[in-house]
Structures are given as C-alpha cells and as structure tokens.
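Heavy atoms only: backbone and side chains are in, while hydrogens, waters and symmetry mates are out. Letters A, B, ... are given to chains in the order of the sequence lines, protein chains preceding strands, and every chain is numbered from 1.
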Amino acid sequence: MEYKFREIEKKWQQHWSQTGAYKVSNESSKPKFYVLDMFPYPSGAGLHVGHPLGYIASDIFSRFKRLKGYNVLHPMGYDAFGLPAEQYAIEHGVHPAVSTDANIANFRKQLDNIGFCFDWDRQVKTSDPQYYKWTQWIFLQLFNSFFNRKTQKAEPISNLIASFEQEGSAAHGYRVTTGFSAEEWKAFDEATKQSILMDYRLAYCGYGEVNWCEALGTVLANDEVVNGVSERGGHPVVKKKLRQWYLRITEYADRLLEGLERIEFSDSMKEMQTNWIGKSSGAEIDFEVKSEKGTVKTLRVYTTRPDTIFGVDFMVVAPELDIVEDMKSAEQATAVDEYLAYVKSRSERERMAEKKISGVFTGAYAINPFNGQEIPIWISEYVLAGYGTGAIMAVPCGDERDHKFARHFNIPITNIIGKYYDGEEANATKDALLENSDFLNGMLMRDAIEVVINKLEEKGIGIRKTNYKMRDAAFSRQRYWGEPFPVQWKNGTAYPLSETELPLLLPEVESYSPGPEGEGPLANIPEWVAKELETNTMPGYAGSSWYFLRYMDPQNNEEFCSRKASDYWGQVDLYIGGTEHAVGHLLYSRMWTKVLFDLGYIGHDEPYKKLVNQGMIQGSSRFVYRIAGTTNQFVSAGQKAGYDVQPIHVDVNIVDGYELDIEAFKKWRNGEYADAEFVFEDGTFSASCSLGNQELKYICGSEVEKMSKSKFNTVNPDDLVNKYGADTFRMYEMFLGPVEISKPWDTKGIEGVHRFLKKLWRLFYDDVKGQLWKEEKANDAELKVLHKCIKKIEDDTERFSFNTAVSTFMIAVNELSDLKCSKKEILEQLLIMLTPYAPHVSEELWGLLGNSGSILDASFPKFEEKYVKESAKAYPVAINGKTRTEITLALDITQQEVEAIVLKDEVVLKWLDGKQPKKVIYVKNKMINLVV
RNA sequence: GCCCCGGUGGUGGAAUUGGUAGACACGCAGGACUUAAAAUCCUGUGACCCGCAACGGUCGUAACGGUUCAACUCCGUUCCGGGGCACCA
C-alpha cells in the first residue's frame, strides 16, 4: 500500500467540506482563539507561492490551537475594491465586479487546493453591498463624531454643538482662529456652523494635492508615476489641488502611541509606527519678516531645538507656501518662479530622496527676535509644507542638511557649540556649552531648551509645541471601484445620508474613464450629479479597516457586528501579515477600532493582540542575453562579456537551475523565439543544443527580485500541489526558513519534504509487506523519541518556528525508522502532532489505525518529562574558549568535582602543558571552560 | 535622503537566554539493490595544512574594530541586499 497523496487529499477535502469540519460557532464552552490573515486583494494574476506562506503558518497555528482545546476562528475573505480591477475595466470594458468575481473564484480554487481550515461561511467581500453598507455606516459614525481633547476620545458631534450652544468656543476652541460666544454661535448662519463643525469631524472634507496628469485627464496613484511622468504613456505629471476627504487620525496620535505598549508587535514594527507618528516637542517661533512688499509680517517656524536660536544662519520655507509669493523680491522673482515650476513637477518622494542640494533666496529677511540680526529666507524642496509650519530655522553647525545647504550656497556658518563643531561636519549634540549665544552663553544646550521656550512665551513671540509628523489620512479617491460616500452636498455644504438610506449603491457607469477636472467617473453620471451626491469614492483601506469585526458576525443585517459577537471574540489573538502594511492598514484599523470603542460599539480599543510578520518570498529571476542589434541571437552567461547584450527575463519554469531548456524556449511566448540562435557556454554558435553527440548548454543569468508575473519568476502553487501534494507543499513552504524572513523561492528541496512523508508512510505500510503498524507496548527508547518530539513541536509551534518543527518531525521519523518502530502507541501521537502541518495524510493514517472520529478533534499529546530525563551530559571542555575535548559528567555534579575530574583528563593535561588554570568555568548543562 | 529588517558551507537554513558553529534538508560524489529505470537504502561532504591512515592542527558566521573566560548572538564603523516613505494592496 503506497502513499497516494492525490487520492487521499481529495477525499479528505471533500469529507471535511461535507461534514462542516471547519464551521465555527459563536457559542462554545471552550476558550476562544482568533487567528487572522491579512486581507488579500484578489489580483488577476492569481496566487503565487509567496502568497500562501502566511496562510499556511496561520492555518498550522489554528489547527494546533484546536488540538489544544480552543474554539478557533480562522476566517478568510477579499479586499475586493481596488485600482487594478478598475484599470482592467478601462482597458477591456469588463465591469470590475465581474473581473473581481472571476479572480475570487480562481483564488478560492487555489486556496482550496492547499487544504486550509477556513470557515468559508464567514467569507466577506468588501465590494458586496451587504458589506460596504457597514463601511458606509462607520463612515457616518466618523463624520458625526469629533475628538474631544478634554476626554481624549471620540464623541458624537451633538456634544460639540451642545457645548457651542452653551459656552461658545470656550471648551473646544482649538480649531477656530477667532473664538465665539454661545450667542454668536447661535447667530451664525447654517453654512458657517457647518463649516466650523467640519473642522472637528473625524471624517472631514478639505483640500489636498494629487498627482494630476493632464494628458490622461486623470489623477494618478503614486504607483502610476515613475520619475515624474505617468507610467502609461510617459506624460508629465504635476500636483493639483482637489477637494478631498480626510480622517482625523492625528487626534489619535497619542493614543496610537500609548496602545503600542499594550500589544505584541515586534519592536521594529512598533518603532516604525512610532517614527511614522513622529511625536516631537519643541517650540513654534514667530520671526518678524523684512521684505520689499512688506505684506507678510511674520514667519512662523517649528523647531525642536530652540536652544540653537543664535546659531540660525538662514531660514528655509517650503516652496509651495503662499507666503513665498509675498516674500520674493523683484530681483529674485525670476529665480523664485523658475524654482517653483521645478518643484511643482517633483513628487514628495523625489524631494525627500534628492541628494542634490537646490534652493533659491527669496530676497526677504527674518529678524532674530533676541538680537535683531537679519536672517536670509530661502526656499528649498527639502522642507515640506505638510510638516510643522512648513518653515524651518536652519542651524548649520547643528544639523547635517542645513550644513550641506550652507556650504553649497556659501552662507556663513555661526558656531555656537565651540569645539563640538569641527568646521567640517554638523554636530547635533545637546551636550555642548553654548557660545556666541547672548544670554545663553555658557549654558548646557539641553538646559537651554526650556529657558528659551519660557522666554519666547514670556515675550509672546513663541509657544511650546508638540508636533507630529503624521498627517491626517487622505480618505477619498477620484475613482469608480470603491465605496460611494453616503454624503449629499447642498449649497456647498456636505450632509450625511441617514442610516436608512444605506447602502448607497455604486451606480452602473457606461465608461470607467475619469470625470471632468480630475473628478472620478461618478461625476459622469447625470442623475448622480443632479442629486449632488459625492463623486469621490473611498480608498482601498476603508473596507480593510474593520473586516476583522465583520468576520465575527458576517450575516448580521441589523448591525456591522453585534456587541455580543465582538465581546465573545474580542481581539484578534494572532494576526499574520507582511511588514508592508506597517504604517498604512495597521494604523488605520487601529484608529477605527479606537473610534468604535469610544462610541461604545465594541469593547476593546486595540484590534490585534499579537502580530507576526511574514517575510516576503522573492522570485529568483532568470535572464537570457540578447546580442544588441539582433532580434534572435542569445549568448550564454559565461560568454556574455564579449558582447554588447540586453538581458531579457525568461520564464523560470523553462529553466532547470540555470540551464535553459532550449526546446521549451523556442516554443515560449507562442514561438516568438522559434528561430533563436545561441552562443553556448563553451562558445559554440548553433541553433540547436545538440551538435553531433555533444550536448550544448545555455546558462542563464539570475537575480533576486519581487515575485511578479511581469518578471516571469512566479511559481504557481497549483503545479506543486499537483506534483507533490498539498501536505508536502505546506510543509515545504514552512521548511524554507523562518516565516518572518524574506527569502527567494527555490523549488529544489521540495523532494526532501516529500521523501519525509513517504518515509513516514513506510512506518505504517510497506509496498510489499503491507501493514507494518502493530499494537505493541512501546519501549523506553521509543517513548524518548516521541516525547523529545512532543516537547520540541509544542515549543516550536508556540513560537512560530515552523521550519525547525518540520525538521523535528524529520528527526523523529528518522529515529523511529532506525528503531524499526511501527507501534501504534507511538505513531498515533506523532500523527496528532503532524495534523496542523500535514492534515490530509494525518487524517488518512489516523483512520487506517482504526480510529473512528476525525483527527482534527484529537487532543495534542501531553509531554512527560520522565521519558526524556538524562542523568549525564557530554560536556564540551574548552581551554581559553577553544573546545578541545568532551567529558561526560553527571548532571548533579558540583564545581569542585568538575574541576577534579577535568584536571585529570589526558587531553586537558596536554593542553595545560604543566600550567595551573587560573579559573575553571562550569556552566551546568552547557559547557566547561578553563582559563589559562 | 529618512525609517525598519537581513547577510552563516555549493544551496535553503539550525544554533530558543552570550556557552560544542553548520541540526534538518537540497545538491554533489561514491556504493548497495535492479536486466534496466524509478523508488529505496548505506557512506562521505565548510575551507586549508600535515599525513599512508587513524588522528591532529589552523582558519571560518558580509568587512573591520571593540566588550567578555567565552561573540553568529552584545557595542561601534563600513559595505551589500530587501521592505516602507502617506493614491498599489
């Protein structure tokens, strides 16, 4: 009886599906455990071997927890709105819903192949009106709420209105420039009231810049802009101001920081979020401005280092700030205008990454409030409008970028830190005693910070200020394939639809092309525009900011999720996904959770208790080298130095290792290269790989890159499942290395895992002899192998070290084979442990052993120390840290006894060479080291 | 540019808290079984040195430096690769 994995896997997948083996109930006496995978976008390219990595890990963990007696929720669904489907619709005229559903069907088939334990009854799809109805509903909650800084939480906007009606802006005046009394508030007209309220709403409307491509008549995603031009067509892209929706996530900055202390994310992930939020404390300082036009009176800068106020040699203002226009002198006008035009063509990313120093003097000066010195005001792209006040005071001796700027433009540098500044490089120290600093002279910099802030506040020219790098999240897209906003405009004021009008269905359109003036496709629908409905749609992250809640109660038509369900499942206990979501999805969903918590809809304010990051599986691309100027002549990697060549991606599936399959290459891409000729690795030129009886080899070049269809380096899991089975595939993905590490995919090696499963099978059945397993009492050696394995599998699984768990199984099977152990007592326990990793073969053998129930509901074996207890250990003995020999000692031995034994050892004596050791280090259960 | 992560044999990786570097696999080489192939099994496999061999020695975890009785592990500097940087998801 042999291991027929195809039959076995198909059989059990059907069986589990028919018996509802993965159905999860919201009622259970068992403790709950919620395992979640990051929401996949169902792309048209289908799954490649990189995608299931995290799903397999979470699947193993879910099944492991189930064996450990938990009620485990492990759902899956689709983040179905998104740009690619819309682009496909524009190009092929296929409705995004249609192509998305086709992609989902394909996705599902591929997932099913691998044997996951998802409860498919809980599947959600963000583009389903039954789902986005609740996304819109949550938007209404955001729109109808404000962040009360006094209570530090979201509250209904009606509380704010009540406060305005009673005491004017006294309690919550932080967003209005001029305060108002209760009477004044009541006297405001509707539009004014709404405009003030808009400044408080958690979802609000404002203006922001987008990538505008005139030639394509559309707004482009950052992704679609390459080197300042559109990816499609290479047209120029400039920034354009458009009305946009935003989420006021900045109000949650402190709570997002605080929450990090209560959740298990990796330190690096917490660091990334902390840096993104970018909390800093310092001061805002107003500088008097002296300019030709004289219209601008003051320049407000934000600095974290007010102590360096006497080291300010110039100011830098973000070029897009309005005040630049007023500050430029007649003499500098042309230079400034030219620079502004240049900056307009630059993306924020390019500006930040630019090493080349650029900037222009405006012609205006700022006055140092303490010593009256005139400071030139420059503009430069390295200062961004969105951070702080969009203007900085530059201190070259203390800041590297300022220093380079000063050097480049020959701006004299004032040294306020004495010997700490060497004239060559800036020094950001806070430990220097200040010099050239007027009333601060001789003061330690870190102490001077407070002194200066107090003085600024005293003189009324500055305030203490906490700043955040994080900005409010842009929440609208000028696209079709997203959730419509439940918002109606009346005379320029936005009003929410009522809950009873939800879902506001995404209307059908004739064309998916953009609307006029950068508006989305919805602006092309007369009825939509006539009703003054919002023409923007929500961004991709809207639906994914709360999907983990919907899984708890997916069919609920009354609520987004009942409080009972969310109280039962609570936080996601384990969330597995990539670091690429570090500062996007993971922050947005944390914010939404906090808002829903504040408003009382759920009982916890952090969505994820523990996050495990999965590494990215990269592709190992293969290249052929086309000789420049030819269409069909290729040179092998070893010979390419002698030619001028163009590397061309070639499908990794027609390359064996590095050797190109010449025949397959000629058939590839519908015979595009059918007439190809080659310079082979040995230098022979031929159109065929056999010359007489000589075999010619064409060797490909290689590079590790992102796995992507366009690079022809994708490997389809279906092919591997078909060839080796799902169990082998699952285990091999885990065996590749730690889940959290990125690594290139290499199919070589999967044989080893497949062999392991065959070897496991042979402990039970032999092709010739038939049944091997027997009901016999296990001996000590066998029990030791089993319990060593139980301990390690349990530990490794618990700490997500699935690769070492797989090797532990291999070791156990190797050892049991060596012991010729086929005893049911041992094998049965081994199978239960293997179930999370290789469920199909485990279930099959479990049944063959005569068990009636499903192995999915078995209990994880219990580790017993007594079977693995050792009384002695072979200690490595090192002289000066270098291992020289090994001595076996009892475990309960004392330091004195160790010394006595070790100093009598022949090898040790040889190395001591008559000398007395200075010290004998004995670490129990580890090693012995003699210091000479 | 800024933030985060990684770099160990020919390859993927192991070494969980600073304590025997290379577990487990792949590949390769040799052998057994077989008419043959597949499958399976056995042996060897970091580099270098001495040697007939057993054995023994030196080096070795990207590079350099440091801390320590002891460093893949901690600290500093540099190089290389990957992810993110606010409209890909």
- Message: Please compare A:Asn880 and A:Ala221 by the position of their nearest nucleotide in RNA chain B and report the one closer to 5'.
- Response: A:Asn880
- Query: Using purine N1 to pyrimidine N3 plus N6-O4 or O6-N4 for Watson-Crick, or N1-O2 and O6-N3 for G-U wobble, both under 3.5 Å, which nucleotide pairs with B:A21?
  - Reply: none
- Paired with B:C59: which nucleotide, if any, by Watson-Crick or G-U wobble criteria at under 3.5 Å for both distances? B:G46
- Query: Using a cut-off of 4.0 Å on non-hydrogen atoms, how would the nucleic acid contact of A:Asn814 be classed: base, sugar-phosphate, or nothing?
  - Reply: sugar-phosphate
- Message: Using a heavy-atom cut-off of 4.0 Å across all strands, would you classify A:Ala878 as base, sugar-phosphate, or nothing?
- Response: nothing
- Any salt bridge between A:Arg471 and A:Glu209, counting N to O under 4.0 Å? no
- Query: OP1 or OP2 of B:A14 less than 4.0 angstrom from a side-chain nitrogen or oxygen of A:Asn803, does that happen here?
  - Reply: yes
- Message: With a 4.0 Å cut-off on N to O distance, would you call A:Glu381 and A:Lys356 a salt bridge?
- Response: no
- Tell me: CD of A:Glu751 to C1' of B:A39, nearest whole Å? 11 Å
- Partner nucleotide, any strand, of B:U68 [Watson-Crick/G-U, under 3.5 Å]: none
- Answer yes or no: does a side-chain N or O of A:Arg477 lie under 4.0 Å from OP1 or OP2 of B:C87? yes
- Query: Across all strands, who's sitting opposite B:A54 as a Watson-Crick or G-U wobble pair, both distances under 3.5 Å?
  - Reply: none
- Message: Tell me if the side-chain of A:Glu271 makes a donor-acceptor pair with the base of B:C3, cut-off 3.5 Å, by modelled atom types.
- Response: no
- Note on the structure: The residue, A:Phe475 or A:Leu736, whose nearest nucleotide of RNA chain B is more 5′ is A:Leu736
- Angle class for the A:Tyr132/A:Phe81 ring planes (parallel below 30°, perpendicular above 60°, tilted otherwise)? tilted
- Query: Reckon A:Arg755 has a side-chain N or O less than 4.0 Å from the OP1 or OP2 of B:G27?
  - Reply: yes
- Are any of A:Trp911's side-chain N or O atoms less than 4.0 Å away from OP1 or OP2 of B:G57? yes
- Pick one: which of A:Trp546, A:Tyr547, A:Tyr588 meets ring-ring contact (aromatic ring centres under 6.0 Å, His included) with A:Tyr541? A:Tyr588
- Remember a base hit wins even if backbone is also touched, and classify A:Met470 as base, sugar-phosphate or nothing at under 4.0 Å, heavy atoms. base
- Could you check whether A:Val219 gets within reach of a base, just the sugar-phosphate, or nothing at all, counting any heavy atom under 4.0 Å? base
- Query: What class does the angle between the rings of A:Phe802 and A:Phe800 fall in, given that below 30° is parallel, 30 to 60° is tilted and above 60° is perpendicular?
  - Reply: perpendicular
- Message: Tell me whether the side-chain N or O atoms of A:Asn929 pair up with the base of B:C69 as donor and acceptor below 3.5 Å, since no angle test is needed here.
- Response: yes
- Gap in Å between the two C1' atoms, one belonging to B:U45 and one to B:G22, rounded: 12 Å
- Message: Against the six-membered ring of A:Tyr207, is A:Lys241 placed for a cation-pi contact (under 6.0 Å from the centre, within 45° of the normal)?
- Response: no
- Query: With both distances under 3.5 angstrom, what nucleotide forms a Watson-Crick or G-U wobble pair with B:A89?
  - Reply: none
- Message: Please name the nucleotide paired to B:G6 by Watson-Crick or G-U wobble geometry with both distances under 3.5 Å, or report none.
- Response: B:C80
- Would you classify B:G65 as syn or anti? Syn applies when the glycosidic angle is within 90° of 0. anti
- Message: So, does A:Lys758 get its side chain near the phosphate of B:U40, meaning an N or O under 4.0 Å from OP1 or OP2?
- Response: yes
- Query: Touch check for A:Thr808, heavy atoms < 4.0 angstrom, all strands: base, sugar-phosphate only, or nothing?
  - Reply: nothing
- So which nucleotide does B:A14 pair with, by the Watson-Crick or G-U wobble rule with both distances under 3.5 Å? none
- Message: Tell me whether A:Asp267 at atom CG has more than 12 heavy atoms from other residues, nucleotides or ligands lying less than 6.0 Å away.
- Response: no
- Donor-acceptor pair under 3.5 Å, A:Lys792 side chain vs B:U16 base: yes
- If pairing requires Watson-Crick or G-U wobble contacts with both distances under 3.5 Å, which nucleotide is the partner of B:C41? B:G31
- Message: With a 4.0 Å limit, can you tell me whether A:Arg762 has a side-chain N or O closer than that to the phosphate oxygens OP1/OP2 of B:C41?
- Response: yes
